[in-house]
Amino acid sequence: VDQYLAIRIRAEGDVEVQAIANGRALGQPKRVTSAKEFARVEIPLEGKAAWKGTIELLEVTLSGNPGTEVEVDSITVQRTR
């Protein structure tokens, strides 16, 4: 079972991260504060799925001040076995 989408990210300014699956938002945006170290953003999937079956399209949108540098290290799905 898919538990959550995990995004490792860092930014030079505060940003909001929004994940969208098949055109539907996966909950509320998550805030990432400015830092040199990577932060782990977890977006719950279990019980809140915006789709049935397979995700055909996954979008991740970032909102912040223009010119804010952002680095995404990885995007993974955490599953139970």
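Position 1 is the first residue of the sequence, and the numbers go up from there. This structure is a prediction, so every number in the text was calculated from the model and none was measured. When reading the values below, keep in mind they use all heavy atoms of this one structure, side chains included, and skip hydrogens, waters and symmetry mates.
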Item to check | Heavy-atom side-chain proximity of Ile9 to Leu62 below 4.5 angstrom | outcome: yes
| Do you reckon Ile20 sits in the same ILVMFWY cluster as Val41, going by side-chain contacts under 4.5 Å, direct or chained? | no
Residues at least two apart in sequence or cross-chain that pass salt bridge (Lys or Arg N to Asp or Glu O under 4.0 Å) with Glu16, listed by chain then number, are Arg31
Output for pair (Ile43 CD1, Ile75 CD1), nearest 0.5 Å, gives 8.5 Å
>> Treating Thr33 as the side-chain partner and Asp14 as the backbone partner, does any N or O pair qualify as donor plus acceptor under 3.5 Å?
In response: no
_When you group the ILVMFWY residues by side-chain heavy-atom contacts below 4.5 Å and let the links chain together, are Val17 and Val72 in the same group?_
yes
When rounded to the nearest 0.5 Å, the distance separating CD of Glu42 from OG1 of Thr76 is 9.0 Å
Taking every heavy atom of Ala25 against every heavy atom of Gln18, the minimum-distance pair comes out as CB-NE2, 3.6 Å
Check: So does Glu71 have more than 12 non-hydrogen atoms from other groups sitting under 6.0 Å from CD?
Finding: yes
Checklist entry - Has the side chain of Arg10 got a donor or acceptor atom that lies under 3.5 Å from a matching backbone atom of Lys36? => result yes
Closest heavy-atom pair, Gly64 versus Val15, reported as atoms and distance to 0.1 Å, is CA-CG1, 4.3 Å
Residues Gly13 and Thr68: closest non-hydrogen pair is N-CG2, 3.5 Å
Here the gap from Asp73 atom CG to Ile7 atom CD1, rounded to the nearest 0.5 Å, amounts to 12.0 Å
